[in-house]
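Quick notes on the structure that follows.
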Protein chains: 2
Amino acid sequence: MSLRGKVITLHDVAVRAGVSRMTVSKVLRGAGNISADTRRRVKQAADELGYLPNNLAGSLSSRKSRMVAVIIPSISDIVFSEVLSGINATLRPRGFQTFIGESLFEPETETELIRAMLSFRPAGILLNGGMARSVDAEGLLARRNCPAIQLWDCDRRALDFSAGPSHEEAGRLVANHFLERGLRRIAYVGAELDKDLCARRRYLALKSSLAAAGIDLLSVTCEDRPRQAATGRFLTEQLVRTHPEINAIHFLNDAMALGGLSYLYEAGLPVPGRVSVVGFNGTSLANAVRTRLTTIDVPRTVIGEKAAQALLHIIAEEPVPDSWQAPLELVQGNTTVTA
Amino acid sequence: MSLRGKVITLHDVAVRAGVSRMTVSKVLRGAGNISADTRRRVKQAADELGYLPNNLAGSLSSRKSRMVAVIIPSISDIVFSEVLSGINATLRPRGFQTFIGESLFEPETETELIRAMLSFRPAGILLNGGMARSVDAEGLLARRNCPAIQLWDCDRRALDFSAGPSHEEAGRLVANHFLERGLRRIAYVGAELDKDLCARRRYLALKSSLAAAGIDLLSVTCEDRPRQAATGRFLTEQLVRTHPEINAIHFLNDAMALGGLSYLYEAGLPVPGRVSVVGFNGTSLANAVRTRLTTIDVPRTVIGEKAAQALLHIIAEEPVPDSWQAPLELVQGNTTVTA
DNA sequence: TTAGCCGATGTTATCGATAACAACTCGGCT
DNA sequence: AGCCGAGTTGTTATCGATAACATCGGCTAA
């Protein structure tokens with residue numbers, strides 16, 4: 001704490017403006033009835049002194065806060081950053097500031113973040129559904145004193161509100177897409193399914209939908225590599241080497257699918273002639289040029305907006321439903337044939 | 001604030017454990033001399049009640065905190081997320097929690113974030129250098145009461161410590177790379193240079209290095225599109241249409257370079273035969289497969305680590321230098337010819 | 001025996017704000 | 001004149017913790 005000079009408090013502003021601390025507090029919060037003249041003097045004094053309110057004291061006293069905690073698994077994953085931008089777009093104009101924590105899909109890290117965030121008594125907390133949650137974290141959330149909202153998962157309702165897609169529906173959509181095109185030698189490529197339970201749910205839905213059609217889904221996954229392009233490429237190479245008969249692949253997300261595609265191109269396996277590919281998320285759609293990946297588009301920004309709106313309603317003590325299910329759209333690209 | 005039952009405070013734990021509040025406080029912080037028996041009783045009581053310390057009160061009273069504020073321009077930009085992971089890797093084991101804010105390169109948003117973060121009296125604040133900063137933000141930082149560290153910019157020393165590359169050096173490196181290969185019809189492609197002052201500095205260094213060699217740099221930029229692949233592609237198309245003579249392009253970052261490359265391939269312009277391409281950051285190196293972009297690799301994670309280490313030193317009141325300059329390496333790929 | 005010290009625990013004041021209510025001014029009305 | 005109420009400002013208690021110091025047995029050393 002390199003203190004540079006004296007810390008300015010309400011008291012200093014009050015002395016300078018020639019009023020009481022309470023009056024300063026009211027002016028700066030815009031509360032109560034204060035004469036225009038006093039308001040001006042107080043504001044000027046605060047400006048001149050460079051007064052910065054101490055939120056620790058303010059929130060402690062009022063038992064209110066305009067801070068919203070958001071805990072996401074990975075800030076580098078475009079999916080979550082777009083959800084976040086929807087959240088920010090909704091909350092900032094209402095005077096709330098979001099503080100973000102990154103859990104890296106680690107339950108212990110998530111638990112520590114929840115503890116750290118809740119101990120600042122935020123106005124609300126938004127966290128990602130569909131990841132393993134520690135017993136401690138469950139306990140913290142059970143005794144929370146602010147609204148809590150689940151993001152990215154609508155299958156498993158939890159907390160005060162859930163906003164996200166049905167991952168089971170996503171798995172079924174992919175299954176139907178393959179089946180409609182007569183593809184029967186199907187593989188799934190993913191990573192970190194022990195951590196990303198939403199992805200796991202998509203996988204299981206795909207598997208069981210195919211099983212219902214008498215098809216056995218081959219899965220190639222690993223738990224110790226990130227859910228990214230390089231991993232998609234690596235696993236695809238393994239898959240093609242060991243199971244050359246495969247003619248359709250569903251990837252955990254678009255990033256992995258693009259990595260897989262790069263290998264397929266290089267290996268001279270025509271897409272979709274020889275192998276059909278489907279991703280998930282729709283993050284690739286923005287930059288799609290030569291390769292337009294067939295994928296399931298998820299309205300990422302809207303999910304953030306809906307979650308934030310629900311939070312605002314709960315704070316305002318207005319009734320809200322228990323969830324919002326994000327619509328999914330299977331977008332036909334050129335990595336699978338048109339039906 | 002959906003309060004669920006009573007909020008548990010130190011008082012409740014104290015009553016349950018049959019000791020005073022102070023004793024509970026000491027036990028839970030691991031401070032002072034408390035008998036093993038008392039410690040056990042207090043911990044058990046806290047567990048049973050599900051006690052969660054109120055950081056607002058604690059930090060207010062002790063004037064200390066283990067929260068570190070990090071404000072980055074964009075959480076979706078891999079560059080910053082890797083810097084952040086270096087920060088987290090260093091701070092978390094030391095018991096600090098980072099709270100992240102996203103400024104979107106907007107000075108007003110950054111100002112509000114600085115205000116919001118500082119009003120919680122963090123143990124330190126890390127912010128991105130090289131973006132336009134409002135007068136208000138400068139004022140807030142000037143009167144801050146915690147160490148402040150600048151990330152990603154080492155040319156313009158500021159705050160208590162700066163960790164980042166010299167963007168001027170980067171510009172010169174690219175200029176030399178082109179000159180050594182006899183390339184003289186050179187263009188720069190970038191976006192949002194009014195916001196991203198580091199990129200602007202690289203651009204200016206490139207421009208003046210080339211000018212010194214008698215070469216006029218052509219620049220194709222736009223201020224209202226993001227610094228991403230799609231923009232790189234769009235601008236490259238414009239560039240090629242209007243200036244077909246160009247035979248070397250430096251892009252603001254790797255993402256834009258990859259976008260540009262996708263257009264060059266499609267347009268049938270061989271790389272590097274017809275056009276040489278250089279990026280910046282090194283983010284593409286991880287996933288590089290067919291196309292290995294020539295780029296300047298920046299040790300992104302290390303920058304975060306150095307910044308965090310400096311913060312820890314300052315907090316411990318140990319002396320630190322005023323900056324750490326990140327080494328830059330121009331990595332030869334296959335988008336420029338080998339010298 | 002008794003001063004002195006140590007480990008263990010409690011007491012009091014304080015951190016910097018806000019809630020709730022008290023008090024005061026002033027003009028208008030009866 | 002005296003009362004009322006709107007508008008304005010101040011007083012007191014409180015939020016939930018920690019710092020600093022006080023207290024209190026018991027045990028050691030002179």
Side-chain angles (χ1 to χ4, degrees), chain A residues 1 3 6-43 45-46 49-67 115-116 118-121 123 145-146, chain B residues 1 3 6-42 45-46 49-67 115-116 118-121 123 143 145-146:
Chain A
M1 284 287 222
L3 291 180
K6 191 177 171 321
V7 176
I8 307 296
T9 70
L10 266 193
H11 178 77
D12 305 294
V13 179
V15 168
R16 174 150 202 147
V19 296
S20 71
R21 305 213 304 275
M22 199 62 228
T23 303
V24 175
S25 172
K26 284 176 185 160
V27 169
L28 297 180
R29 277 179 299 142
N33 281 329
I34 306 290
S35 71
D37 183 56
T38 305
R39 260 206 305 272
R40 195 187 44 67
R41 286 211 325 282
V42 168
K43 278 185 179 152
L49 292 172
Y51 172 69
L52 177 69
N54 184 326
N55 229 317
L56 299 171
S59 294
L60 174 62
S61 176
S62 69
R63 301 147 153 283
K64 286 198 185 75
S65 144
R66 305 203 68 99
M67 157 196 176
R115 192 190 306 284
L118 285 184
S119 72
F120 279 102
R121 308 290 135 116
N145 51 5
C146 67
Chain B
M1 285 286 217
L3 290 180
K6 191 177 172 318
V7 176
I8 307 296
T9 70
L10 267 193
H11 177 76
D12 304 295
V13 179
V15 168
R16 176 155 201 141
V19 295
S20 72
R21 304 212 304 275
M22 198 63 228
T23 302
V24 176
S25 172
K26 285 176 184 159
V27 169
L28 297 182
R29 277 178 300 142
N33 282 328
I34 305 290
S35 70
D37 183 57
T38 305
R39 258 205 306 272
R40 195 188 44 67
R41 285 209 327 282
V42 167
L49 292 171
Y51 172 69
L52 176 69
N54 184 327
N55 230 315
L56 299 171
S59 294
L60 174 62
S61 174
S62 69
R63 299 147 154 283
K64 285 197 186 76
S65 144
R66 304 203 71 101
M67 157 196 176
R115 192 190 307 283
L118 286 183
S119 71
F120 279 102
R121 308 291 137 114
R143 288 185 302 271
N145 51 6
C146 69

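What you see below is based on every heavy atom in this structure, not just the backbone, and it leaves out hydrogens, waters and symmetry mates. Quick caveat, the model's predicted, so the values are computed rather than measured. The sequence lines fix the lettering, A, B, ..., with proteins before strands; numbering per chain opens at 1.
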Original post:
Which whole-number value in Å describes the distance from B:Leu10 CG to C:dT11 P?
Top reply: 15 Å
**OP:** Calculate the interatomic distance between B:Arg21 atom CZ and D:dG16 atom C1'; express it in whole Å.
**Re:** 8 Å
Subject >> Whichever of B:Leu56 and B:Arg29 has its nearest DNA chain D nucleotide further upstream toward 5' >> reply: B:Leu56
Subject >> Shortest side-chain distance from B:Val19, nucleotide among C:dG10, D:dA19, D:dC15 >> reply: C:dG10
Original post:
If you measure from NZ on A:Lys64 to OG on A:Ser59, what distance do you get to the nearest 0.5 Å?
Top reply: 10.5 Å
**OP:** May I ask you to say what B:Thr38 touches in the nucleic acid, namely base, sugar-phosphate or nothing, with a heavy-atom cut-off under 4.0 Å?
**Re:** sugar-phosphate
**OP:** If a protein heavy atom is under 4.0 Å from the base, mark B; if only from the sugar-phosphate, S; if neither, -; do that for nucleotides 20-25 of chain C going 5' to 3'.
**Re:** B-----
Subject >> Among C:dA17, D:dA17, D:dT9, the nucleotide that comes nearest once only the side chain of A:Ser35 is considered >> reply: D:dT9
Subject >> Spacing between B:Ile8 atom CD1 and D:dC15 atom P, to the nearest angstrom >> reply: 15 Å
Original post:
Tell me: CZ of B:Arg41 to P of C:dA8, nearest whole Å?
Top reply: 13 Å
Subject >> Short side-chain N/O contact to C:dA17 OP1/OP2 from A:Tyr51, under 4.0 Å >> reply: yes
Subject >> Between D:dT14 (P) and A:Lys64 (NZ): distance, integer Å >> reply: 18 Å
**OP:** Nearest whole angstrom, please: distance from the C1' of D:dC15 to the CG of A:Asn145.
**Re:** 13 Å
**OP:** Using the test salt bridge (charged side-chain N to carboxylate O under 4.0 Å, His left out), find all partners of B:Arg21 that sit at least two apart in sequence or belong to another chain.
**Re:** none
Original post:
So how far is it from A:Leu60 CG to A:Asn54 CG, rounded to the nearest 0.5 Å?
Top reply: 9.5 Å
**OP:** Write down the atom of B:Arg41, the atom of B:Val19, and the distance for their closest heavy-atom approach.
**Re:** NH2-CG1, 3.5 Å
**OP:** Look at B:Ser61 and D:dA17 and indicate whether a side-chain polar atom (N or O) is within less than 4.0 Å of OP1 or OP2.
**Re:** no
Original post:
Within the structure, does a side-chain N or O atom of B:Arg121 lie under 4.0 Å from either OP1 or OP2 of C:dG16?
Top reply: no
**OP:** Could you check whether B:Asn33 gets within reach of a base, just the sugar-phosphate, or nothing at all, counting any heavy atom under 4.0 Å?
**Re:** base
Original post:
Quick one: does B:Arg121's side chain have a donor or acceptor within less than 3.5 Å of a partner on B:Ser65's backbone?
Top reply: no
Original post:
OP1 or OP2 of C:dG10 sitting under 4.0 Å from any side-chain N/O of B:Thr23?
Top reply: yes
Subject >> A:Thr38 side, atom OG1; A:Lys43 side, atom NZ - distance, nearest 0.5 Å >> reply: 11.5 Å
**OP:** Let me know the distance between CD1 of A:Ile34 and C1' of D:dT8, rounded to the nearest Å.
**Re:** 7 Å
**OP:** Using atom CG of A:Asn54 as one end and atom P of D:dC15 as the other, report the distance to the nearest whole Å.
**Re:** 18 Å
Original post:
Quick one: on DNA chain C, does A:His11 or B:Ala36 contact a more 5' nucleotide (nearest heavy atom)?
Top reply: B:Ala36
Original post:
Of all the choices, D:dG10, D:dA17, C:dA17, which nucleotide is nearest to the side chain of A:Ala57 once you look at every atom?
Top reply: C:dA17
**OP:** Say whether, by atom type as modelled, one donor and one acceptor occur between the side chain of A:Ser61 and the main chain of A:Ala57 under 3.5 angstrom.
**Re:** no
**OP:** Check salt bridge (charged side-chain N to carboxylate O under 4.0 Å, His left out) between B:Arg40 and all other residues, then give those that pass, not counting sequence neighbours.
**Re:** B:Asp37
